[in-house]
Amino acid sequence: MVLLAGEQKLMVMRPYQVYAVQHIVKCIDEDNGNGYIWHTTGSGKTLTSFKASTLLKENDHIHKCVFVVDRKDLDRQTREEFNKFQEGCVEENTNTGALVRRLLSDGYADKVIVTTIQKLGLALDENSKRNKQRSKNGQATYTEQLGALKDKRIVFIFDECHRSQFGDNHKAIKAFFPKAQLFGFTGTPIFKDNATVTRIASKAGMEEAEKTLVTTQDLFQKQLHAYTITHAIEDGNVLRFHVDYFKPEGKKPPKPGEAIPKQAVIEAILAKHDAATGGRRFNAILATASINDAIEYHALFKAMQADKQAADPDFKPLNIACVFSPPAEGDPDVKQIQEDLPQEQADNQEDPEGKKAALKAILADYNARYGTSHRLSEFDLYYQDVQKRIKDQQWPEADLKKAFPNVAHHKIDITIVVDMLLTGFDSKFLNTLYVDKNLKHHGLIQAFSRTNRVLNGTKPYGNILDFRQQQESVDAAITLFSGEKTGEQARKIWLVDKAPVVIQKLETAVQKLGDFMKSQGLACAPSEVANLKGDAARVAFVTHFKEVQRLKTQLDQYTDLTEDHKAAIEQVLPNESLRGFKGEYLETAKRLKAQQGKGGDGPGSEDPVDQLDFEFVLFASAVIDYDYIMGLIAKFSAKGPGKAKMTREELIGLISADAKFMNERDDIAQYIGTLKAGEGLSEAAIRDGYTRFKAEKNAKELAAIAAKHSLATAALQTFVDGILDRMIFDGEQLSDLMAPLDLGWKARTQAELALMEDLHPLLTKRAGGRDISGLSAYEQ
């Protein structure tokens, strides 16, 4: 187990992580050379390497353990991850000098170091600019200083070694530290089939050198442990993929690998994005073939969305960001970033001034949209901000606006990239990759794997929409990285079922729901759910319908559904019926959830309710929020024939079917009942009216409780407001509230319990799903 010190949580290592650590420790204890760990992207390599490092920290035979990453953003990300496990255990090495000082330190705190391979390479390179300057100043070079470590046993652990270990730095480390042991972690090893880096090696007895391709095994001697993406998908540790190979219409379809017009790509993205991302619940990356392509896409998105908005006021444009590295021009930070960005590095050699001007314009657009002030000279801060916004997708926009009212908190829907973010970047809220560049082997798997982090039932798979028809490359990559499985076996594991198969599963799930309702003597209709008798029957309904909703959620995010597919889904489960069942599910689940932990249908019975996971997140739409509902109510109230798109009943049904409104739907429904269709109220008037309606209802509800318990309404109101303001229940304030009743100890205790029996549901409802600290003591 590993303690997350910052969050005071224990993380239990999975078996494959334990085995990997054991293999590394054994290899070091036996001084048995080097090795690499093949653990797929998303399997928790950071935790594994951290545990290995901490065990080595206690090993007196080891002088240092150096965890080496290959890019500045990964340096920061990995350091933050390590410090999450143990606060302050890894300090930032802001420059090469700081790294050298820590390497030379005998302090216990400096036994584990996180650094980039570039920084380490600069320290070991006598011809580096810093070393030359030190020599010129009469100072010992970093290389000379580090000479004291040549005979020390140092362990180097390389993160993502498929990228960082195929250049001169690896050779320099091996040559400089002859007693070092090197261990690499990779999600996509380099085999002969996907090797691209060459070296010159001489065969014994031959004068001429032979050109060979370098593999991971060449560099690290042996594979110590493997946990492939096939294993991880089977275990549920990463998601499968849905790959949609976009086929443009026309008599002459492009060949695999050929580009199609960018306007056609954008039109397809705009048509499919809401489905792919669950109604913009998640976000996406658009991978382009060059910096020029990225620049063109950014401009085209802006122009095409402006045209659509002008033509249709209801069109909601996507928030588009674009990130690629600027021309380095000697900037060491940018040079470091570009070490693993070959396409961007090459592109920036041509017309660097044009690239700079385009990136400045992109930054200006970003600053205007998000209220930031990023500059080209501080590119890394911009890059960090983009990454943070992608990860902040988890927070509803309304929550961010409430928490930070003076800050622009727009989400990023799509980030246009060339090389950046396609490796080493993790976000559970990134679920879609649009591909307009040729990918293969490890590059393809790394890019696809940005989308497959596990979240919950709302994210059933990683979505790939490929505009280059690269099915052969996908199949080849699956075969290469599937481990012991054959290509066909791996494809069945890696890729989700085709839409007709899932539609058939949905039909079976709906049939099982119908059979269950029939077994209860009821028709399979939403209105009949309320007639179910007993908790066991209600639990069975919840279980059956949750499976129906899970399959529907999966189908909703397919980007390749045909009109025939959509018609088949509607026939299996009409939208009106689905919405009705959702409302009944939420009503039933709310009732059962209130009973959890309180015993079953009878004395001594095993209550099935206690084991139930309601997965309310499956029933909360990312599109239908408070603002959306207020807008619909305004349209219902709008004047003129045909203005109201939804009836009063349809509006209430929509609210009842969404988990977000579980605690407020009765209030909204009652408010809608007070309105008249065609009354002509503005959205602002609707909002003000609802606020007044709710305040009046709340006041009456609280006054009734105060009267029932012989309390002053104003005092009870102050007590409730104080709890909701701080989200903390204070027992002393409850005693103060009850003091005017002048009761004895026993009577006061009974009076407090009676009051809290009435206040608990009121407070829970008004908290809107947030936890009130200390209130759980009064749960019935």
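Quick caveat, the model's predicted, so the values are computed rather than measured.
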Side chains of [X] and [Y], donor plus acceptor under 3.5 Å:
X      : Y      : answer
Asp380 : Gln384 : yes
Gln446 : Arg450 : yes
Asn137 : Gln133 : yes
Ser105 : Asp110 : yes
His410 : Asn319 : no

Let me confirm one number: the [atom1]-[atom2] distance from [X] to [Y], rounded to the nearest 0.5 Å.
X      : Y      : atom1 : atom2 : answer
His374 : Asn367 : NE2   : CG    : 6.0 Å
Tyr245 : Glu472 : OH    : CD    : 10.0 Å
Ser427 : Lys388 : OG    : NZ    : 11.5 Å
Lys355 : Glu350 : NZ    : CD    : 5.5 Å
Phe220 : Leu182 : CZ    : CG    : 6.0 Å
Leu381 : Ser373 : CG    : OG    : 9.5 Å

Salt bridge or not for [X] and [Y], using N-O below 4.0 Å?
X      : Y      : answer
Arg280 : Asp274 : yes
Asp293 : Lys437 : no
Arg375 : Glu378 : yes
Lys262 : Asp436 : no

Return the orientation label for the [X] and [Y] ring planes: parallel under 30°, perpendicular over 60°, tilted otherwise.
X      : Y      : value
Trp494 : Phe241 : tilted
His242 : Tyr461 : tilted
Phe156 : Phe158 : parallel
Phe185 : His39  : perpendicular
Tyr366 : Tyr370 : tilted

| Backbone N/O of Leu122 and side chain of Ser128: donor-acceptor pair under 3.5 Å | yes
